[in-house]
Amino acid sequence: MMAKNEESGSEALFDKALALAESTLDKAASDAGEIGDYLTLAMIEAAVNRAVDIAGPEDIADMLRDLAEQIENGEMDEDEEDDDSDEEDEDEPGNN
């Protein structure tokens with residue numbers, strides 16, 4: 001029972017951290033102006049590098065595989081789908 005409480009507590013902390021990361025990223029991308037889309041992609045690499053230092057390469061590789069599977073299966077968070085569905089920006093990296 002205690003392990004389940006610790007897991008749900010960890011999930012709550014992760015969800016809180018994710019919400020903060022998303023809001024920070026939104027502001028940074030907006031403040032970056034014309035390189036905002038590139039900043040978003042660069043932050044992925046920076047975050048992965050930092051996460052590997054914290055959690056180790058195996059855990060992060062597993063997490064990235066899970067994330068890639070969610071992306072491939074269209075299982076993104078509703079907020080992320082809403083943000084992306086209304087916008088088609090020809091200047092986004094990878095769309096040129």
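Counting begins at 1 with the first residue of the sequence. Everything numeric here is computed off the predicted structure, so don't read it as measured data.
Judged by distance alone, with hydrogens and angles left aside, the side-chain atoms of Ser30 form no donor-acceptor pair with the main-chain N or O of Asp26 at under 3.5 Å.
Grouped by direct or indirect side-chain proximity (heavy atoms under 4.5 Å, Ile/Leu/Val/Met/Phe/Trp/Tyr only), Ile54 sits alone. When hydrophobic side chains of Ile, Leu, Val, Met, Phe, Trp and Tyr are connected at separations under 4.5 Å, Met43 ends up clustered with Leu25, Leu39.
Separation of atoms CG (Leu67) and CD1 (Ile60) is listed at 11.0 Å; rounding is to 0.5 Å. Summarising the geometry, atom OG1 belonging to Thr40 is positioned 10.0 Å from atom CD1 belonging to Ile35; distances are rounded to the nearest 0.5 Å. Distance check, rounded to the nearest 0.5 Å: CG of Leu64 to CD1 of Ile71 gives 9.0 Å.
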Please step through side-chain contact (heavy atoms from CB on, under 4.5 Å) for the pair Glu45 and Val48, ending with a clear verdict.
CA-CA 5 Å; Glu45 185 170 345; Val48 168; 5.8 Å; no
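Evaluation of the salt bridge (charged side-chain N to carboxylate O under 4.0 Å, His left out) test over residues 46-62, restricted to residues two or more places apart or in two chains, returns Asp62-Arg65.
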